Each structure stands twice: as C-alpha cells, then as structure tokens.
S.K.: 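Once you've had a glance at the structure underneath, I'll fire off some questions.
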Protein chains: 2
Amino acid sequence: MATAGDLAALAGLLADETRAAVCLALLDGRAWTAGELARHAGVAPSTATEHLHRLVAGGLLVERRQGRHRYVQLADESAAQLIEDLAARLEPRPAPVTGLRAVTASAALRRGRTCYDHLAGRLGVAVTEAMAGAGMLDVDGGFALTPYGRTVLTSVTGAELRPGRRPLARGCLDWTERRQHLAGVAGARLCEAALTRRWVTRIGSGRAVRLTPGGESALRDLIGLDAAQL
Amino acid sequence: MATAGDLAALAGLLADETRAAVCLALLDGRAWTAGELARHAGVAPSTATEHLHRLVAGGLLVERRQGRHRYVQLADESAAQLIEDLAARLEPRPAPVTGLRAVTASAALRRGRTCYDHLAGRLGVAVTEAMAGAGMLDVDGGFALTPYGRTVLTSVTGAELRPGRRPLARGCLDWTERRQHLAGVAGARLCEAALTRRWVTRIGSGRAVRLTPGGESALRDLIGLDAAQL
DNA sequence: GCAACGGTTCGGCGCCGGCCGAAGCTTCGC
DNA sequence: GCGAAGCTTCGGCCGGCGCCGAACCGTTGC
C-alpha cells in the first residue's frame, strides 16, 4: 500500500525547479551528460550532481558511466509518462491560437518532435488521427490498436508487436496540441521505423523532427496521412 | 509551453507528507471537511488550513463552504488520475503474495473499493477482466470499450455513453492488484449503477465496498463475472 | 444572548534542502 | 607523465516552509 510519505517523496523529486528542468530536458528520451544538464538548468556542476543523485536514487533516472562522463536518462517509459502527465495538467487551454508568436525553435517543436520514444507535436497528432481514420486505432471507445492496425504496423516493423509491461497502444496527451497522440509499444516502433527509414529526420541536436518528402509519400500510402494540413 | 517552474510547483503540491495524506484520503471521490482531514493527517487544524489553501490554489482541490464547515474534494477526474498515477509507481512488485498479513481494514480495501468514481481492488479488476472476456473491452490493443460493450453499458445506465473531455474507457492501474481496472466515463457510470442498484454497498464510511448476493447474480448475467474467484 | 465548535490568521520556531565555491579524484588527450 | 576536463565531495550559507499555539471570527445550538 502506498503511504503518504512515499508519495510525497516521489513528488518531491519533481518539486524543485532545477530537477524539473532536468526531467523535462530528458523527455527527449536520450541520455545527457551531467555537465550538459547543469548548463541547461543554469546551476553549478556540483549542484547538478546532487540533483542527479536524488533522481537516480528515486528511480526516476538511470545512469551509465562512460569514461569521465556520466550519462543519465529517464529510467523507463513510465517515468516519462509520469512527467508528461504532470506537464499535461499545466496547459489547460483547449486551443492556443496564439497568433504570430514566431519563436522559431518552439514553432519547430510544435510542428513535430519526439516525446520520449514516439512522435508528438502536430505531426504526432496528425499521424494518430490518420491512423484512427484508417481504422487502425480505436479512439472513440478509449485508445487501442485494432487488429488491422496491428497487421499494418507489423508489416512496417517486420517484428511482431506484443504488449509486455508496456501496453501496445496508449494515448499520450500532447503538450502543445492538447490532443492525444500514439504512445506505447506501437508508438515507439513506428517512431523507430520512421527515423531509420528517414521518413522523419531530427532537426539539429534537439528533439524537434521534420517530415521528409519521402516520409510524406510513405505515410500517405501507409495510413492516409495528408501532410498538407501540417 | 510548460516551464520547469510550473512543473515544480505542481509536484510541490504533493511533495509534502501531510498534503499527500490529504490527497490520498480524497481519492475516494467524496468531500471531506477540513477538520476530518486534519485529524486524518494528524496535524493541527491551523496546519490543515494552510495545506488546503495551497491545494485549492494549485487547482488540485475544490472547496465548498457550507455553514461552519468547509468541504474539499478533488477538483476533477484528472486530478484523481494524477495521484493514482504517482501512487501506482510506488508499488513495483508484480504480485504481492504477502502471506497472512490480515489487517482487516486493508484486506477489505484490497477486496473491493471505489477509486475516485469507479470500482477498484480485486472486484474492480475482476469486473474488468470479465468484461474483456465477454468482448466488451479491448485490453490487448490498448484499453477501449468495444461497440458491444458500449451497447451493454448503455442498456444498464439507460443514458447514452459519450466521451467528452474524459475518455469513454481508460485503464487505471490498481494499487493493490497491479492490474488495470476500468476507469473513464464507462467505469464511472458502471460504478454509479452498481451502487444505486445495490449490486455493491459501501462498508462503513470508507471507500471499501462489498459485492451483494444480488450484485453477484446481476454481474454474472451481465458480464459473466465469476464471483467465486474473489 | 451565550457557550461551544469549526475554521482561520498570525507570529515564532526549527529544520530541511538548494545553492555555491574550494578541494580532490578519475579520465582523457597529448 | 602532465595538464585539462568532467565530475564529486564537503563545508557553509541562507531562504523557504511545515509545524504549532494563541487569538480571533462566524455559525450553530440552547
């Protein structure tokens, strides 16, 4: 049984601005070095060390030491999901409609990005809706991959899709779009395939991604995605 | 865009043992008075007042003043879900198998309870699995109510089931069972019907519930629930 | 009216924890 | 080897916050 103390300790891991910044940065699913995170969060390396210790001890992060670097990343998908769930609660507006606030970096992020290990942003939402429209996802009754969708994704990835500890499909509320996009095993495999086949490519070193011309036609054929609406 | 400061502030609401105890108590979905919560958490009334202020200001709780009482309860289902999600991460063991730790109060809770506004515990999990077995829920591809399940539930509640801001069906990870049980609109309507039709009754004033003989036969006929395995 | 009761406000206390810089340790490049 | 770089440990500072009790306010019951 979960005690109040345990719950408070877990929440306490994220209840600090510096640690929160670290976790948000790590939402890209990749491993960062301690120094990168310290600079990102704007604190001294020694301070970052302490925070990373707490986050690792709390099970939210895992570390991998490699030479003189210490890489950390989110421990698992459920850790990422927890942070996403909290962050989702911070954006209660249904449709932003923010006019011409053309901060290009964040505009690129809104257009398309990875969220831990799957696609998000307008691209992720559009892919999800195209799949729903093509009968691959049931989004009315909840959020589930249909048998047809399973067949299609299996043909893409080659390997059989099986739910393990992680569900096959799960809706992940999008920060910027306030709509659900596909997460879970299916979302991860699709994102993996999209990156290896160069349907999407990363922009710079961040988590923003861009749909390539090849990806545009491939996704149109596969799931009926209309890239024009992006 | 969610900032680290916002995230930290939200997490900070739960990052205190007293506030966490309050939120866990409120997970039963009902309204508690400030004094009840103070006694439950073991702090002075003045201390409870401050905590409740913070939780209300943070949007996690709503208050309703009635005479000299101040009732608080969780603001919405997403607040309950957030707390559930955090609590679920605290029980990483797949199968407890705790032997004969017969703390009767918690045993009753494990057997059956309400979780915000739907059924949980062994009862909630058994209902969910019976519905999956009867073809009303798709739990392989994710978590969704099938058209057949929608028909059955509509016949039970009379009113049409429609997803709004809240999904029709959603899996909610059970604290004690570590399996998913049915939440979302469908879970809430089913629980509501089960309580009004006396398929289940509350035990005392807490969140524990018990399956009645009438409920046993009704749920056997409706979803093929085998009450013997409870 | 008056007392009892629930809740709130305020002041004060003490501790926890976040921050930094200095010193030290390990690894890497040369 | 030797210096530079990445990281960690330690000590010390300081602010925030959780706690309580006392005084106060509004409601309820007699």
Side-chain angles (χ1 to χ4, degrees), chain A residues 3-26 30-73 83 205, chain B residues 3-26 30-73 83 205:
Chain A
T3 71
D6 295 336
L7 178 55
L10 177 57
L13 293 178
L14 294 169
D16 171 81
E17 183 162 353
T18 301
R19 284 195 296 271
V22 165
C23 289
L24 287 176
L26 290 171
R30 293 183 290 177
W32 293 49
T33 70
E36 284 171 343
L37 289 168
R39 282 188 297 276
H40 175 80
V43 295
S46 57
T47 303
T49 290
E50 293 169 19
H51 287 306
L52 295 181
H53 271 158
R54 284 193 63 170
L55 290 168
V56 169
L60 231 43
L61 266 47
V62 289
E63 63 181 24
R64 198 179 67 231
R65 311 186 93 102
Q66 194 167 309
R68 62 181 161 185
H69 293 282
R70 176 214 214 175
Y71 287 94
V72 295
Q73 63 181 40
I83 298 163
S205 62
Chain B
T3 70
D6 295 335
L7 178 55
L10 177 57
L13 292 178
L14 294 168
D16 171 79
E17 183 162 354
T18 301
R19 284 195 296 271
V22 165
C23 289
L24 288 177
L26 290 171
R30 293 183 289 177
W32 293 48
T33 69
E36 283 170 344
L37 289 169
R39 281 188 298 277
H40 175 80
V43 294
S46 58
T47 303
T49 291
E50 292 170 17
H51 287 305
L52 295 181
H53 271 157
R54 283 193 62 172
L55 290 168
V56 169
L60 232 41
L61 267 47
V62 290
E63 63 180 25
R64 199 180 66 230
R65 312 187 91 102
Q66 195 168 307
R68 60 181 163 184
H69 292 283
R70 176 216 212 172
Y71 288 94
V72 294
Q73 63 182 41
I83 298 163
S205 61

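Per chain, numbering begins at 1; letters A, B, ... match sequence-line order. Computed from a predicted structure; not experimentally measured.
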S.K.: Would you tabulate the pairs of protein nitrogen or oxygen atoms and nucleotide nitrogen or oxygen atoms of nucleotides 23-30 of chain C closer than 3.5 angstrom?
M.R.:
from: C:dT27; atom 1: O3'; to: A:R68; atom 2: N; distance (Å): 3.3

S.K.: Tell me whether the OP1 or OP2 atom of C:dG6 has a side-chain N or O from B:R70 closer than 4.0 Å.
M.R.: no
S.K.: Separation of B:R19 atom CZ from D:dG16 atom C1', in whole Å?
M.R.: 12 Å
S.K.: What's the spacing between B:L24 CG and B:E17 CD if we round to 0.5 Å?
M.R.: 10.0 Å
S.K.: Which distance, rounded to the nearest 0.5 Å, do you find between the CG of B:L10 and the CG of B:L60?
M.R.: 6.5 Å
S.K.: Rounding to an integer number of Å, can you tell me how far B:L52 CG sits from C:dT9 P?
M.R.: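 Distance, rounded to whole Å: 12 Å.
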S.K.: Please enumerate all residues that pass side-chain contact (heavy atoms from CB on, under 4.5 Å) together with B:A25, with sequence neighbours excluded.
M.R.: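 Applying side-chain contact (heavy atoms from CB on, under 4.5 Å) to B:A25 gives B:W32, B:L37, B:H40.
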S.K.: Does A:A9 have any side-chain contact (heavy atoms from CB on, under 4.5 Å) partners at least two apart in sequence or in another chain, and if so, which?
M.R.: none
S.K.: Please, which pairs that meet salt bridge (Lys or Arg N to Asp or Glu O under 4.0 Å) have at least one residue in residues 58-71 of chain B, sequence neighbours excluded?
M.R.: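 Output for this query lists B:E63-B:R65, B:E63-B:R70.
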S.K.: Reckon A:R39 touches a base, only the sugar-phosphate, or nothing at all at heavy-atom distances under 4.0 Å?
M.R.: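 No contact at all - A:R39 keeps every heavy atom at 4.0 Å or more from the nucleic acid.
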S.K.: Just how far, in rounded Å, is C1' of D:dG18 from CG of B:L13?
M.R.: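 Roughly 15 Å, once rounded to whole Å.
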S.K.: Is any side-chain heavy atom of A:V62 closer than 4.5 Å to a side-chain heavy atom of A:V56?
M.R.: no
S.K.: Calculate the interatomic distance between B:D16 atom CG and C:dG17 atom P; express it in whole Å.
M.R.: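 The answer, rounded to whole Å, is 11 Å.
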S.K.: Given that A:A15 and B:E36 both sit by DNA chain C, which one's nearest nucleotide is further toward the 5' end?
M.R.: B:E36
S.K.: Expressed in angstrom and rounded to an integer, what is the separation of A:R54 atom CZ from D:dT9 atom C1'?
M.R.: 17 Å
S.K.: Does any pair with a residue in residues 32-54 of chain A pass salt bridge (Lys or Arg N to Asp or Glu O under 4.0 Å), and if so which ones, sequence neighbours excluded?
M.R.: none
S.K.: Starting from P on C:dG17, measure out to CG on A:L55 and report it in whole angstrom.
M.R.: 14 Å
S.K.: Rounded to whole Å, how long is the line connecting atom CG of A:L14 with atom C1' of C:dG18?
M.R.: 16 Å
S.K.: Sequence neighbours excluded, which residues qualify as side-chain contact (heavy atoms from CB on, under 4.5 Å) partners of B:A15?
M.R.: A:A11, A:A15
S.K.: Among residues 44-51 of chain A, which residues get a heavy atom nearer than 4.0 Å to DNA chain C?
M.R.: A:A44, A:S46, A:T47, A:E50, A:H51
S.K.: What residues form a side-chain contact (heavy atoms from CB on, under 4.5 Å) with B:T18, not counting sequence neighbours?
M.R.: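 Expected list: B:D16, B:A41, B:V43, B:H51.
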S.K.: Considering the terminal five base pairs at each end of the helix from C:dG1-D:dC30 to C:dC30-D:dG1, what angle separates the two local helix axes, rounded to 10°?
M.R.: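 About 30° separates the two local helix axes.
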S.K.: Taking all non-hydrogen atoms of both residues, which atom of B:A38 and which atom of B:P45 are closest, and how far apart?
M.R.: CB-CA, 4.1 Å
S.K.: Check whether any side-chain heavy atom of A:L52 sits under 4.5 Å from a side-chain heavy atom of A:V22, and report yes or no.
M.R.: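 Counting from C-beta outward, A:L52 and A:V22 do come under 4.5 Å.
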S.K.: Does D:dG26 have OP1 or OP2 under 4.0 Å away from a side-chain N or O of B:R65?
M.R.: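 No, outside the criterion.
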S.K.: Does C:dC19 have OP1 or OP2 under 4.0 Å away from a side-chain N or O of A:T18?
M.R.: yes
S.K.: Side-chain contact test, heavy atoms from C-beta onward, threshold under 4.5 Å: evaluate it for A:V72 versus A:L55 and give yes or no.
M.R.: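 They are not in side-chain contact.
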